[in-house]
Amino acid sequence: MHKTEIFQRRKTKKIKVGSLYIGGDAPISVQSMTNSDTRDIDATVKQIQRLTEAGCELVRVAVPDMKSAENLSEIKSQISIPLVADIHFDYKLALKAIEQGIDKLRLNPGNIRNKQELIAIITAAKDKKIPIRIGVNAGSIPQEIIAKYHGITPETMVESALWEIDLFEKHNFNNIIISLKTSDVPTTLNSYRLMAKKVEYPFHLGITEAGPAWCGTIKSAVGIGILLAEGIGDTIRVSLTADPVEEVKVGWEILKSLGLRLRGVNLISCPTCGRCEVDLLNIVKQLESKLDTIKMPITIAVMGCVVNGPGEAKIADIGIAAGKGSGVLFRHGKIVKKVPESEFISALLDELKEMQTKNF
Ligand code: SF4
């Protein structure tokens with residue numbers, strides 16, 4: 001199908017994070033954060049490997065204490081994607097994380113306010129060429145800024161970040177990525193829009209504390225999706241109260257749905273209606289569970305009847321348009337054969353396997 005461009009991407013600096021670039025012309029990346037105990041190296045590495053398999057391109061770990069900070073180089077040596085240390089309150093943890101060779105640091109301007117401590121971090125990060133994300137979170141804005149703007153507003157969020165950006169720039173540190181996350185979608189949108197007019201640093205997008213998987217997915221898709229559609233955003237993290245692998249899957253679906261990245265299966269299926277004469281809900285559910293590991297970008301359509309079925313199935317790489325108890329299998333718009341309902345899944349998977357083997 002013809003792809004429609006819906007935005008012009010905001011121009012930003014390009015920041016190197018280990019083997020990955022964020023901003024500039026770099027692809028918008030998908031990231032996540034572990035919820036394992038960073039003091040437990042094995043559990044953390046295993047979770048990062050699962051995230052990597054799901055398509056995570058950058059991973060953040062919490063560093064709440066010195067033991068966690070001391071584990072970072074060992075964790076990094078066992079994983080294949082860049083590692084970000086998430087530090088709050090204690091600047092010594094940031095210094096230790098930098099010493100351990102992390103690829104990026106995340107600081108919250110709301111909870112390390114001591115200028116001398118920040119300067120020590122800036123000096124160490126500059127020395128090792130490690131970028132820093134200035135990650136403003138609505139839950140930890142300094143009270144004086146909240147009082148100035150009478151609550152959490154986009155201005156509150158932006159001012160909190162600018163305070164730290166200003167200090168960094170005064171010390172010639174420009175290796176910066178910014179995030180301005182709240183759990184309220186309109187406030188988050190306007191915070192990023194406001195900041196986009198003020199700086200050229202790349203943005204890490206997210207709706208923070210978005211909630212459990214179902215509603216958090218919707219909030220994140222709306223918030224992140226609107227900004228991306230306006231050309232704002234360089235890396236995304238979906239925050240869910242769920243297995244972080246789900247965050248990565250949702251992140252990819254957001255990028256895929258806007259045509260910004262390609263990865264894995266784009267599954268098209270109809271909602272069914274009174275015309276459907278096969279058990280499409282069950283077929284699609286079973287099929288979906290078998291497609292998780294596919295990385296090759298491919299569109300598969302599974303449609304319930306002849307109204308829209310043949311049209312969608314023809315546009316897809318592989319498709320089935322169902323009839324009464326059977327369906328017609330399409331490959332790149334051409335009819336391959338008629339298939340009984342009981343063989344829909346195996347027929348689609350066989351076609352998929354063949355396409356993967358021949359890479360067409
Ligand atoms: Fe109904 Fe057919 Fe449309 Fe599916 S493709 S929703 S079964 S009309």
Side-chain angles (χ1 to χ4, degrees), residues 1-6 54-55 212-226 228-229 238 240 242 246 248-356 358 360:
M1 195 183 289
H2 179 71
K3 292 275 175 221
T4 313
E5 288 276 334
I6 51 170
W214 189 77
C215 60
T217 295
I218 295 169
K219 259 193 232 172
S220 299
V222 171
I224 294 172
I226 288 174
L228 290 175
V238 172
L240 300 175
E246 294 304 312
V248 175
K249 285 159 78 175
V250 174
W252 273 100
E253 282 306 316
I254 294 172
L255 295 182
K256 280 157 64 180
S257 66
L258 285 167
L260 292 165
R261 299 280 305 271
L262 295 174
R263 185 184 198 272
V265 177
N266 174 26
L267 187 55
I268 292 170
S269 61
C270 80
T272 79
C273 68
R275 291 187 191 89
C276 187
E277 295 185 273
V278 295
D279 185 5
L280 203 76
L281 265 63
N282 201 19
I283 291 167
V284 170
K285 196 172 163 199
Q286 280 187 51
L287 179 67
E288 190 182 25
S289 70
K290 295 180 194 301
L291 301 175
D292 259 5
T293 53
I294 308 295
K295 296 189 178 108
M296 182 176 90
I298 188 161
T299 300
I300 299 179
V302 189
M303 301 291 292
C305 82
V306 292
V307 173
N308 292 318
E312 287 288 357
K314 269 186 201 165
I315 306 169
D317 295 302
I318 310 170
I320 280 196
K324 189 174 165 56
S326 65
V328 176
L329 179 69
F330 290 83
R331 180 201 304 145
H332 292 315
K334 300 218 164 50
I335 293 177
V336 180
K337 59 180 175 182
K338 196 173 167 190
V339 190
E341 179 181 349
S342 60
E343 290 173 22
F344 276 15
I345 295 172
S346 57
L348 288 165
L349 293 176
D350 286 350
E351 279 296 318
L352 177 60
K353 206 183 274 170
E354 200 175 326
M355 280 197 186
Q356 280 181 299
K358 293 184 179 163
F360 73 105

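Start at 1 and go down the list; that is how both ligands and their atoms are numbered. What you are looking at is a predicted structure, and each value in this text was computed from that prediction instead of being measured.
Residues K256 and E253 are paired through a salt bridge, judged by an N-O separation under 4.0 Å between the basic side chain and the carboxylate.
Regarding atom 1 (Fe) of ligand 1, its nearest protein heavy-atom neighbour is C273 SG, 2.3 Å. Taking atom 3 (Fe) of ligand 1 as the reference point, the nearest protein heavy-atom neighbour is N308 ND2, 3.8 Å.
Remark: of the listed residues L280, V302, V307, V284, L280 is the sole one forming a side chain to side chain contact (heavy atoms under 4.5 Å, CB included) with C270. Each of I320, N282, D350, L287 was compared with I345 under the side chain to side chain contact (heavy atoms under 4.5 Å, CB included) criterion, and only L287 meets it.
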Q. Please walk me through it: do K249 and D292 pass side chain to side chain contact (heavy atoms under 4.5 Å, CB included)?
A. CA-CA 9 Å; K249 285 159 78 175; D292 259 5; 3.5 Å; yes

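Among A321, P310, C270, A322, the residue whose heavy atom lies closest to atom 5 (S) of ligand 1 is C270.
Contact annotation for T272 and ligand 1: only backbone heavy atoms (N, CA, C, O) come within less than 4.0 Å of the ligand.
Contact check for L255 versus L228: side-chain heavy atoms found under the 4.5 Å cut-off.
Distances below 4.0 Å separate heavy atoms of R275 from the following atoms of ligand 1: 8 (S). Taking every non-hydrogen atom of G304 and a distance limit under 4.0 Å, the qualifying atoms of ligand 1 come out as 4 (Fe), 7 (S). Atoms of ligand 1 lying under 4.0 Å from at least one heavy atom of V307, given by number and element, are 8 (S).
Atom 1 (Fe) of ligand 1 does not have C305 among its coordinating residues (no N/O/S atom, backbone or side chain, under 2.8 Å).
The backbone N or O of R263 sits nowhere less than 3.5 Å from a side-chain atom of W252 that would complete a donor-acceptor pair.
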